[in-house]
Amino acid sequence: AHIYTILINCFCHLKQTALGFSVLATMLKLGEEPDTVTLTTLVNGLCVEGKVEDAHKLFVEMAAMGYQPNNFTYGAIINGLCKRAKPDAAIACLREMEAACLELNSIHYSTIIDCLCKVGLVNDALKLCSEMTSKGIKMDTITYNILIDGLCLSGREREVGFLLEQMMRSEIYPNQYTFTVIVNAYCKDGRTEEVERVINSMVQRGLEPNIVTYNSLIDGYVLKNQMGKAQEVFHLMIEKSCSPNVITYSSLIHGYCKVKMIKEALSLFKEMVNAGLRPN
RNA sequence: CUGCGAAGCACA
């Protein structure tokens, strides 16, 4: 089942769950028994494609056939519901796990906390944080990243410092996501001057800016119509062997169009295609 | 004993 599951998981990540199911059919024909991992992989595939109802059907079926849904299966369903912005249903799922005496972990909580933040319910998200902590489930770097991003999205950036302190005190360390979330918040807020300081402290911790960090900064300059600055970052990233992607080019092209520098925009478009990137 | 067979975070 192992090797088949790997294949199924590949199809699921390509959003080709239907092909994943045909692999399952092949398994059955060959007399190879799927296991809980195989079926959970398919549940996740359906969730990733946004077909949470189908995922739930499979979830019920697998339970009926004696494949007990576990932490991972519930995790996939919760994630599916969260990606469809259904925090209430996701929380109901969490309660169902409790009733089934399954052990909740930081992934289950973080998934829902992220969803609440993204729909603007940061206070509910913070409540869930207290709940998980009171159950002895530790917030990890991802949980903090989610909250920091959530606070920024809700214009509550002033509370981020407190969160970072709490993070360090708990010996949970920031990673590239953490810093990039902060860089992005500053950029969206037009505070590109403060980004250099953030990137310095990032590098001091041995963390290099990555493509998302650079893209955020480029877009920050684009927002302010500072195309010269944007171009500088573009060159800097290339110098650091960080290859621009479609997002990088889209930002820059948008920026040049905004300031009516159409030639530059078009030449970037060509450059992008020449680099083997497909316009979307 | 360890290792990527399954679930959570950032950019246009």
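Protein chains get the first letters and strands the later ones, always in sequence-line order, with residue 1 at the start of each.
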With ring-ring contact (aromatic ring centres under 6.0 Å, His included) as the test, pick out the partner of A:F59 among A:F72, A:Y74, A:Y67.
A:Y74
Determine whether a donor-acceptor pair (N or O, by modelled atom type, separation under 3.5 Å) exists between the side chain of A:N210 and the backbone of A:V212.
yes
How does protein reach along nucleotides 3-12 of chain B, written 5' to 3' as B (base within reach of a heavy atom under 4.0 Å), S (only sugar-phosphate), or - (no contact)?
--BBBBBBBB
Could you measure between the two P atoms, the one in B:rG3 and the one in B:rA7, and give it in whole Å?
16 Å
Looking at residues 260-276 of chain A, who's got a heavy atom less than 4.0 Å off RNA chain B?
none
Surrounding CZ of A:R95 (heavy atoms of other residues, nucleotides or ligands, distance under 6.0 Å), is the total greater than 12?
yes
P atoms of B:rG8 and B:rC4, separation to the nearest Å
15 Å
Polar contact flag, side-chain donor to acceptor under 3.5 angstrom, A:T40-A:T73:
yes
Apply side-chain contact (heavy atoms from CB on, under 4.5 Å) to the pair A:L153 and A:D149, showing each step before the final yes or no.
CA-CA 6 Å; A:L153 285 176; A:D149 192 43; 3.9 Å; yes
Side-chain donor-acceptor distances from residues 232-240 of chain A under 3.5 Å, at least two apart:
from	atom 1	to	atom 2	distance (Å)
A:H235	ND1	A:Q231	O	3.3

Going by side-chain hydrogen bond (donor to acceptor under 3.5 Å, both in side chains), A:N145 matches just one of A:D114, A:T178, A:D140. Which one?
A:T178
hydrophobic_cluster_shared for A:L252 and A:L277, side chain cutoff 4.5 Å:
yes
